[in-house]
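Before anything else, here's the structure in question.
Side chains are part of it too, since the values below use all heavy atoms of this structure and drop only hydrogens, waters and symmetry mates. Just so it is clear, the model here is predicted, and its values are computed rather than measured.
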Amino acid sequence: MAVKKLCESFSKGFVEEVQRWGCMKQTGVSLRYMMEFGSDPSHRNLLISAQFLHKELPIRIARRAIELESLPYGLSEKPAVLKVRDWYFDSYRDLRSFPEIKDTNDEKEFTQMIKAIKVRHNNVVPMMALGVQQLKKGMDPKIVHEDLDEIDQFLDRFYLSRIGIRMLIGQHVELHNPNPPPHCVGYIHTKMSPLEVARTASEDARAICLREYGSAPNVNIYGDPIFTFPYVPTHLHLMVFELVKNSLRAVQERFMDSDEVAPPIRIIVAGGVEDVAIKVSDEGGGIPRSGLSKIFTYLYSTAKNPMDEDSYHGTADAVTMAGYGYGLPISRLYARYFGGDLQIISMEGYGFHHECREYIIYKICNVHAGTDAYLHLSRLGDSQEPLP
């Protein structure tokens with residue numbers, strides 16, 4: 001993977017401009033504002049939205065581009081990370097070279113451009129994962145799984161920013177949909193049923209499990225079918241899919257050679273006054289306590305064949321039951337983006353499959369040791385808190 005150094009790809013003046021824009025303050029936008037503004041996708045409002053993004057996106061992208069140049073432990077020099085860096089610099093250049101947006105035709109052309117930018121960045125997560133694998137290859141194996149806070153903190157900032165950038169672009173683009181689904185304002189579903197999203201995500205996860213193992217445990221879902229709240233369905237689908245996928249893997253691998261019937265995964269959806277809570281429970285075995293410190297790090301994966309230069313060909317790998325180890329930390333970021341959280345609590349005597357890092361909450365069970373993962377979602381319909 002041959003990637004040129006920054007000075008070989010971009011002029012000194014351009015790099016200095018990116019650095020200046022990266023120091024500017026970004027503007028937060030609340031979910032409530034996005035819902036109210038997007039409820040009337042008139043030509044005027046779309047023009048205002050495009051003008052805002054024309055100024056805001058370069059700031060956010062410049063921040064990440066500059067940070068990609070100064071990562072610790074030599075991560076910035078890894079070929080995969082250099083590739084991602086170039087994507088960010090290219091996107092910044094596209095945005096800054098686009099002329100002032102004055103009318104509807106300008107807005108339509110701008111919308112097509114930011115759609116292309118979103119596509120350009122589709123594979124940022126697997127490419128950064130490849131960069132981390134490249135870093136680990138050159139590190140002392142004894143320190144690879146230690147707590148490398150600087151890298152984890154950077155990747156948390158980086159991926160949270162990516163979520164925000166893609167939310168802004170996706171929301172604007174989706175407002176052009178001439179036939180939006182009922183109760184949808186761009187990406188936001190004003191009456192989303194978490195139970196239905198959990199059911200769809202579980203079916204998708206079971207399909208992956210069936211493909212890889214030939215069978216899959218059942219998933220039982222409990223909750224109020226008529227309860228709804230404003231949220232982004234694609235975000236919730238990603239989170240529940242990751243949790244259920246890993247629960248299925250843990251249970252399936254524990255019981256695949258057993259005469260016992262694999263116990264079902266249980267999902268409970270509860271809507272409170274402030275939060276919506278989703279609990280995913282399984283009976284999939286255990287993990288040593290020595291592994292608890294690794295569950296939110298990006299330098300740890302249970303994949304038997306982690307992605308490397310030989311297996312990565314420029315597109316995201318097909319979803320597998322054991323990916324490149326980002327499911328839990330990325331899901332937590334999606335929850336935190338809207339003010340929620342993903343909590344993992346360890347109690348002695350509980351356990352889950354030693355290969356499956358996504359499920360740590362332990363409990364004593366009369367039949368099998370199992371795990372609980374608690375996903376908290378903030379009910380933000382009335383919130384005016386700016387998003388990251």
Side-chain angles (χ1 to χ4, degrees), residues 145 194-223 225 237-270 277-295 300-307 317-328 331 342-375:
H145 293 159
L195 198 72
E196 284 303 313
V197 175
R199 181 173 288 113
T200 301
S202 298
E203 290 171 355
D204 291 345
R206 287 193 79 244
I208 299 297
C209 189
L210 284 166
R211 186 187 72 192
E212 295 206 7
Y213 296 104
S215 62
N218 290 326
V219 179
N220 298 335
I221 306 177
Y222 309 92
H237 183 282
L238 179 147
M239 292 182 277
V240 176
F241 173 83
E242 285 294 333
L243 294 175
V244 173
K245 174 172 68 73
N246 284 282
S247 255
L248 288 169
R249 177 190 170 206
V251 172
Q252 184 68 24
E253 293 193 2
R254 188 181 188 199
F255 287 87
M256 62 191 308
D257 296 323
S258 171
D259 293 333
E260 297 182 64
V261 176
I265 312 302
R266 297 176 302 280
I267 302 177
I268 299 175
V269 180
I278 298 177
K279 184 174 84 165
V280 179
S281 301
D282 69 60
E283 297 175 25
I287 187 173
R289 280 193 174 274
S290 60
L292 294 179
S293 62
K294 306 171 186 176
I295 63 174
Y300 176 70
S301 173
T302 60
K304 295 180 181 178
N305 298 298
M307 181 173 54
D317 287 352
V319 176
T320 62
M321 295 302 286
Y324 36 83
Y326 282 20
L328 183 58
S331 294
L342 175 59
Q343 293 186 324
I344 305 299
I345 304 169
S346 173
M347 291 183 287
E348 186 176 4
Y350 279 55
F352 69 95
H353 193 280
H354 71 280
E355 288 277 315
C356 186
R357 60 170 262 183
E358 313 294 15
Y359 296 86
I360 315 294
I361 303 179
Y362 298 88
K363 72 178 180 181
I364 302 297
C365 181
N366 291 331
V367 183
H368 304 291
T371 63
D372 301 326
Y374 293 90
L375 180 62

Identify the heavy atoms of Val240 and Ala198 that sit nearest to each other, and give their distance.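 Nearest heavy atoms, Val240 then Ala198: CG1-CA, 4.0 Å.
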Working to the nearest 0.5 angstrom, can you tell me the gap between Arg211 CZ and Cys209 SG?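 The CZ atom of Arg211 sits 10.5 Å away from the SG atom of Cys209.
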CD1 of Ile265 to CG of Asn246: how many Å apart, nearest 0.5 Å?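 Those atoms lie 10.5 Å apart.
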SB check Glu203 Arg206 (cutoff 4.0 Å):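 Salt bridge absent between Glu203 and Arg206.
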Compute whether any side-chain donor of one residue and acceptor of the other, for Tyr213 and Glu253, lie under 3.5 angstrom apart.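 Glu253 and Tyr213 do have a side-chain donor-acceptor pair below 3.5 Å.
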Closest contact, heavy atoms only, Ser202 versus Val244: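 For Ser202 and Val244, the tightest heavy-atom pair comes out as OG-CG2, 3.8 Å.
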Minimum heavy-atom separation for Ser281 to Asp372, with atom names?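 That would be OG-OD1, 2.6 Å.
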Which atoms form the tightest heavy-atom contact between Phe255 and Glu283, and what is the distance?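 That would be CE1-O, 3.5 Å.
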What is the minimum heavy-atom distance between Phe241 and Ile208, and which atoms define it?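 Here Phe241 and Ile208 meet closest at CZ-CG1, 4.1 Å.
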If you measure from CG on Asp282 to CZ on Arg266, what distance do you get to the nearest 0.5 Å?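 So the gap between those two atoms works out to 8.0 Å.
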Just to verify, what does Glu196 make a salt bridge (charged side-chain N to carboxylate O under 4.0 Å, His left out) with, not counting sequence neighbours?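 Partners of Glu196 under the salt bridge (charged side-chain N to carboxylate O under 4.0 Å, His left out) test: Arg199.
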Report the distance from atom NE2 of His237 to atom CD of Glu242, rounding to the nearest 0.5 Å.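 The NE2 atom of His237 sits 10.5 Å away from the CD atom of Glu242.
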How close do Ser331 and Leu342 get, counting heavy atoms only, and between which atoms?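 Looking at all heavy atoms of both residues, the shortest contact is CB-CD2, 4.1 Å.
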Considering only heavy atoms from C-beta outward, does the side chain of Ile267 approach that of Val219 to under 4.5 Å?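 The answer is yes; the side chains approach within 4.5 Å.
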Rounded distance [0.5 Å steps], CD1 in Ile268 versus CG in Leu195: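 Interatomic distance, Ile268 CD1 to Leu195 CG, rounded to 0.5 Å: 11.5 Å.
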